[in-house]
Peer 1: 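Below is one structure. I have some questions about it.
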Amino acid sequence: MQAIILAAGMGRRLGELTKENTKCMVPVNGVRLIDRLLGQLSQLNLNRIIIVVGYKGKELRDYIDSAYLSPLTSHHSPLKIEFAENPIYDKTNNIYSLSIVKDKLQEDDTLLIESDLIFSDRLFPMLLDNPYPNLALVAKYESWMDGTMVRLDEDQNIVNFVSKEAFDYADVNSYYKTVNIYKLSREFLQHQYVPFLDAYTKAVGNNEYYENVLRIISMLNSHNMKALPIGNERWYEIDDKQDLDIAEAIFADDQDVLRKYYGRFGGFWRFPQMLDFCYLVNPYFPSKRMKDELRSNFDTLLTEYPSGMKVNTLIASKCFGVSEPYIVPGNGAAELIKVLMESLSNLSPLTSHHSPLKIGFIRPTFEEYPNRYDKDSQVTFVPQNEDYRYTADDVMAFFGDKDIQTLMVINPDNPSGNFIPKVDVLRLAQWCEDKGIRLVVDESFVDFSIDYTTNSLLSDEILETYPHMAVMKSISKSFGVPGLRLGILASADKALIAQMKKEVSIWNLNSFAEFFMQIYNKHEKDYQKACEKFVTERDSFERQLRTVPFLRVIPSQANYFLCEVLPPYTAKEIVIYMLRHHNILTRDCSLKPGLDPNKQYMRIAVRNHEDNTRLVEALKLFSK
């Protein structure tokens, strides 16, 4: 058997990365694509490898000659490598690159591979161990995929190659993407593919794709080409910088993989098969009916400008039941957190002096707040118990003799899940009023708490009773719409709200977020049902997690559990195992400020029952 690698393309979409070299010379996590591919091929006992070069072909040949073929410099096992050149690579497509080696194609069984791929070491053995002589590796369609799709029958015969022009989003559930790795028999190449290749290029030209020839053959109902689905095996096609970034995350080594994933701060929909137990959203809302309403207005929302701050304040007031002068909507709570912390840093609203302003924080907590404030001006309370529980009385006792101007409380807290009942939060608010301390309460997770319908602080009456309290709420979390980027801040301190509105953009919300607030009240009963269903599922999930022998589960009234990982295991090894072996992403919290540095911790989000059960079953396999 031989291998033919198509490496003539220019890779324009990779920009400066391919200015001096062709695509297969681009490194992924420090290893060039061509080196990874040749290393995999070296394990297959091939008769030869033929590389079709074009753009920057000399540079590629010189590199391979030096690294693989020179007896003086090569540190690799000997490979028989030949080259063929596409001199008009800038005017043709890959069908011409393949036609250049059509004679060699007919001399042996062939692995046909495109050079811009990175894939699991298991793919070649999977292909070669399958007895069928003509196979295309395929993957179930996912949103990131582009290029040639195929349809299969029940016997895995390829019955149609779907071109880009014929692609229909209504049919994606029936599509598979070609991985661009094929096993083709000498007989098939001699008697079918090459004759059709000749006829096709004469009739249509050279600026086409070699898959078009396979498409014609498949239409003859000959069933000479089968597909081999790769299941959950890793692979990626690298066409641009975004592809490279994702590929580096998927194929990172154990020392770097968590940094590659966590550093994305979301965007995990780019990994469609991965279960995300890091980010914290309601699994039961929005309802299908609400999604349908959003979907039916998609064209208008996409092509029309959103309203400005004045109208969106009115809509937020209607949606969340707070008077307009008391509320400011934001492009996610993150925008409002930034502006709020900068405002608090500049001048305390309750005093007229410019001396260093101290803020009280309770740790462990959501680090976005302290990260936005001067470290030397922070006063930190860390509960001295293994579950990181604290009450309003604990907070008042600790900060009673501290010179702070602002107190930051997240309720329920993240990651501990600690919850202060509303009656006690109001006692704390009065205490802050009496001492001239601004209280900021982030209640982004409060709708996950037991009796959530009575726990929110968002009402004019409460805000007016405690005028120096500010209430932050991220709509991403309990409402399950992080993609909309929506949050609110509410306070009866009109001067603070007015200042916040000046600091954010007049068009800080997109049309989808605005429309969500516009229609929410019609769907409020569904939201209440979703929250009730969530509380039930959280209880069930907690019981399941407690059956995992190496986890100590800390009670929570949020949509996550902080779990202590018991010796001899570490959180990092469990998180990496879950990602590598089960495609489940969880959060290693061991280095989070405020947590005991001598212990190991994970934070695990609550998803729906099916996903939660899958996670627990995967965790139990780790200890076996």
Peer 1: Answer yes when E503 and K338 have at least one side-chain N-carboxylate O distance shorter than 4.0 Å, and no when they do not.
Peer 2: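 No, E503 and K338 are not salt-bridged.
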
Peer 1: When you look at NZ of K599, are more than 12 heavy atoms from neighbouring residues, nucleotides or ligands closer to it than 6.0 Å?
Peer 2: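 Atom NZ in K599 is crowded, with more than 12 foreign heavy atoms closer than 6.0 Å.
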
Peer 1: Any Lys/Arg nitrogen of E368 or R372 sitting under 4.0 Å from an Asp/Glu carboxylate oxygen of the other?
Peer 2: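 A salt bridge is present here (some side-chain N lies under 4.0 Å from a carboxylate O).
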
Peer 1: Would L595 and K592 satisfy side chain to side chain contact (heavy atoms under 4.5 Å, CB included), going step by step from the backbone distance to the final call?
Peer 2: CA-CA 6 Å; L595 291 174; K592 195 172 185 68; 3.8 Å; yes

Peer 1: Applying ring pair (Phe, Tyr, Trp, His ring centres under 6.0 Å), run through F622 and F550 and close with a yes or a no.
Peer 2: CA-CA 10 Å; F622 173 77; F550 51 84; 5.5 Å; yes

Peer 1: Would E514 and S307 count as having a side-chain donor-acceptor pair, cut-off 3.5 Å?
Peer 2: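 Yes - a donor-acceptor pair under 3.5 Å links their side chains.
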
Peer 1: By ring pair (Phe, Tyr, Trp, His ring centres under 6.0 Å), which residues pair with F285, not counting sequence neighbours?
Peer 2: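 Only Y527 meet the ring pair (Phe, Tyr, Trp, His ring centres under 6.0 Å) criterion with F285.
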
Peer 1: Taking the side chain as every heavy atom from C-beta outward, state whether M472 and I410 have any pair of such atoms under 4.5 Å apart.
Peer 2: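 SC-SC contact between M472 and I410 ruled out.
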
Peer 1: Identify the two heavy atoms, one from E537 and one from R607, that lie closest to each other, and give their separation to 0.1 Å.
Peer 2: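 Distance-wise, the nearest heavy atoms are CG-O, 3.7 Å.
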
Peer 1: Fit a plane to each ring of Y261 and F271, take the angle between them on a 0 to 90° scale, and name the class: parallel (under 30°), tilted (30 to 60°) or perpendicular (over 60°).
Peer 2: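 Ring orientation, 0 to 90° scale: tilted.
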
Peer 1: Does the side chain of S476 pick up a donor-acceptor pair with the side chain of R485 at under 3.5 Å?
Peer 2: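 The criterion, which ignores hydrogens and geometry beyond distance, is satisfied for R485 and S476.
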
Peer 1: When you measure from the centre of the six-membered ring of F561, is the NZ or CZ of R603 closer than 6.0 Å and no more than 45° off the axis?
Peer 2: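 No, a cation-pi geometry is absent between R603 and F561.
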
Peer 1: Please confirm whether the backbone N or O of Q242 pairs with a side-chain atom of D245, one donor and one acceptor, at under 3.5 Å?
Peer 2: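 No.
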
Peer 1: For Y560 and G417, which heavy atoms make the closest approach, and how far apart are they?
Peer 2: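 Minimum heavy-atom separation between Y560 and G417: CE1-N, 3.9 Å.
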
Peer 1: Does N282 reach the side chain of N559, with side-chain heavy atoms less than 4.5 Å apart?
Peer 2: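 Of all side-chain heavy-atom pairs linking N559 with N282, none is under 4.5 Å.
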
Peer 1: Tell me whether R614 is salt-bridged to E610, with the criterion being a basic N under 4.0 Å from an acidic carboxylate O.
Peer 2: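 Looking at E610 together with R614, the answer is no, because their closest N to O distance does not fall below 4.0 Å.
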
Peer 1: Using the ring of each side chain (for Trp, its six-membered ring), is F448 parallel, tilted or perpendicular to F534, with breaks at 30° and 60°?
Peer 2: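 Correct class here is tilted.
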
Peer 1: Less than 4.0 Å between a side-chain N and a carboxylate O, is that true for R427 and D393?
Peer 2: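 A salt bridge is present here (some side-chain N lies under 4.0 Å from a carboxylate O).
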
Peer 1: Salt bridge or not between D292 and R295? Use side-chain N to carboxylate O under 4.0 Å.
Peer 2: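 Answer for the salt bridge query: yes.
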
Peer 1: Verify the neighbour count for atom CG of L566: are there more than 12 heavy atoms of other residues, nucleotides or ligands below 6.0 Å?
Peer 2: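 Buried by this count: over 12 neighbours within 6.0 Å.
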
Peer 1: Using a strict 4.0 Å threshold on nitrogen-to-oxygen distance, state whether R389 and D413 make a salt bridge.
Peer 2: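 Looking at R389 and D413, the cut-off is not met.
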
Peer 1: For the residue pair R363 and F381, would you count it as a cation-pi contact if the rule is NZ or CZ under 6.0 angstrom from the ring centre and within 45 degrees of the ring axis?
Peer 2: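 No - R363 does not lie over the ring of F381 by the 6.0 Å and 45° rule.
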
Peer 1: Do the side chains of E542 and R546 get close enough for a salt bridge, i.e. N-O under 4.0 angstrom?
Peer 2: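 Salt bridge flag = yes for R546 with E542.
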
Peer 1: Counting N and O atoms only, with roles assigned by atom type, does the side chain of S491 sit under 3.5 Å from a partner on the main chain of M469, one being a donor and the other an acceptor?
Peer 2: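 Yes, because the side chain of S491 sits within donor-acceptor range (under 3.5 Å) of the backbone of M469.
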
Peer 1: Check for me whether K402 meets the cation-pi criterion with F398, that is, NZ or CZ under 6.0 Å from the six-membered ring centre and within 45 degrees of the ring axis.
Peer 2: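 Ring-cation test returns yes.
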
